[in-house]
Amino acid sequence: MKEIKRNNYLDELIRKKENGLIKVITGIRRCGKSYLLDPIFKNYLLGQGIKEDHIIKIEFDKEKNKKYHDSSKLNEYLLSLINDKDMYYLLLDEIQLVKDFEYVLNGLLYEKNVDVYVTGSNSKFLSSDIITEFRGRGDQIHISPLSFSDFKEAYNGEDDEWVEYLTYGGLPFILSFDNGKDKSNYLKNLFQETYIKDIIERNNIKRPDVLETLLNILSSSVGSLVNPQKLYNTFISNGEKEISINTIISYLNYMEDAFLIKKVERYDIKGKKYISTPFKYYFSDLGLRNARLNFRQLEENHLMENIIYNELIVRGYNVDVGLVEIRDKDDKKQLEVDFVCNEGFKRYYIQVALNIDTREKNAQESRSLNSIGDNFKKIIIVKDGLKYWYNEDGILIMNINEFLLDKNSLDL
């Protein structure tokens, strides 16, 4: 397997180095959090002339470090290693295994020559925990599975990179397998034995069957609007009596809090307001989504949409699903804009289409964008064709490779 580069995350760590906060690296299990710390960030520090004995790395999931699960012993050990006034870099992996770890970490902030970086697993160390435990002292760096450009750079197989990524996703360990059977088994076992168990154990879930049914529904409806009330009605119509809509909402939140799925709100572009329901869910990794469905339902248009959403998030955009209301004769109609992307004063409207190879298809995909009425950039991303071109309405048409492989593609 080739070296995996995570330059965007390394750059973020470099920007936040020595900022006086605890750098908390979060993300779905097996997405590469530990690898980011060591070797990627550690090698960077060494390359900057930092002495190796000033880079303190502890992996708490190793047997030899089990004694440091006691916070007092860990604190004593760490302080014993700080022997001069030069900066020390603490790389603490799987910190959630340390009882009362927050006291140790918050205490280290009082040491002027200590810079702290930690990772934690999904089951006990989620986004909500960062807010609770560190109360403004933590700086979260969220890691996603490999983007397509990272995957393509590290991939050395014989099959088409796009098909591989679309099917098996971007968890880094996937790149170590040579055949589809091993990849699919890895993903299915990981989903069942790690992610689902994490969610059940953390939240003390009483109805794992309901959780798994919800996962199946969400996996089958990527890119479709989801309404908790309709999900609840589905359970009731199937004879389920001992369940409430609050349970449905809670289970959806648990999956989101575990970084397994991401909820996207709908935004009324002309009305300039958010719509409370329905909304969409996308999977953090398509390989996991596909494994959940036993690699059935591989509709390329929906999976493309999920990949584009993930890429926009990795690039730092705030992303909503757009809605434009128009008048069609005497009726009002709502047209969907797949993504409304905001970054500071910039905004982009994006439609996703497998192709626009006919005039009718071009008009169909352009209609919602043409109905917006403002001057922000409007883009349609398609599977194949020229790298980019403009249609007669001034809308930028771009192929998926151009978008995914050029981080500045939206500003063409």
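Heavy atoms only: backbone and side chains are in, while hydrogens, waters and symmetry mates are out.
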Lys346/Asp411 salt bridge by N-O under 4.0 Å criterion: yes
Rounded distance [0.5 Å steps], CG in Leu187 versus CG in Asp182: 11.0 Å
Under the side-chain contact (heavy atoms from CB on, under 4.5 Å) test, residues paired with Ser71 that sit two or more places apart: Val98, Asp100, Val104
Counterpart residues, ring-ring contact (aromatic ring centres under 6.0 Å, His included), relative to Phe235 (two or more places apart): none
Tyr282: which of Glu305, Lys262, Arg289 passes side-chain hydrogen bond (donor to acceptor under 3.5 Å, both in side chains): Glu305
Pairwise distance CD1(Ile248) to CG(Leu231) - rounded to 0.5 angstrom: 6.5 Å
Pair Glu52 + Lys42, salt bridge at N-O below 4.0 Å: yes
Salt bridge (Lys or Arg N to Asp or Glu O under 4.0 Å) assessment of Lys64 paired with Glu59: CA-CA 9 Å; Lys64 68 176 182 178; Glu59 297 162 300; 5.8 Å; no
Where at least one partner belongs to residues 18-66, residue pairs that pass ring pair (Phe, Tyr, Trp, His ring centres under 6.0 Å), sequence neighbours excluded: Phe41-Tyr117, His54-Tyr88
Row check, Phe403 ring normal vs Arg315 NZ/CZ: under 6.0 Å, within 45°: yes
Option from Val319, Val321, Val352 for which side-chain contact (heavy atoms from CB on, under 4.5 Å) with Tyr309 holds: Val319
Polar side-chain atom of Asp320 near backbone of Gly322 as donor-acceptor pair, under 3.5 Å: no
Spacing of NZ belonging to Lys99 relative to CG belonging to Leu74, to within rounding of 0.5 Å: 14.5 Å
Donor + acceptor pair across side chains of Gln140, Thr26 (<3.5 Å): yes
Close side-chain approach of Asn253 to Glu256, heavy-atom, < 4.5 Å: yes
Lys183 to Phe177 six-membered ring, cation-pi geometry met (6.0 Å, 45°): no
Inter-residue atom distance Ile28.CD1 - Ser284.OG, 0.5 Å rounding: 5.0 Å
Lys57/Asp93 ion pair, N-O < 4.0 Å: no
Electrostatic pair Glu392-Arg359, nearest N-O below 4.0 angstrom: yes
Ile379 vs Tyr388 side-chain heavy atoms within contact, under 4.5 Å: no
Set of side-chain contact (heavy atoms from CB on, under 4.5 Å) partners for Glu325, sequence neighbours left out: Lys332, Gln334
Partner residues of Tyr390 under the side-chain contact (heavy atoms from CB on, under 4.5 Å) criterion, sequence neighbours left out: Lys377, Leu396
Closest approach of Glu299 to Gln297 (non-hydrogen atoms, all atoms of both residues): OE1-O, 2.6 Å
Whether Phe151 and Tyr155 hold their rings parallel, tilted or perpendicular, with breakpoints at 30° and 60°: parallel
Leu45 vs Lys17 side-chain heavy atoms within contact, under 4.5 Å: yes
Minimum-distance pair of heavy atoms, taken over all atoms of Asp285 and Leu171: OD1-N, 3.5 Å
Residues Glu336 and Arg266 bridged, charged N to O under 4.0 Å: no
Partners passing side chain to side chain donor-acceptor pair (under 3.5 Å) against Tyr77 (at least two apart in sequence or in another chain): none
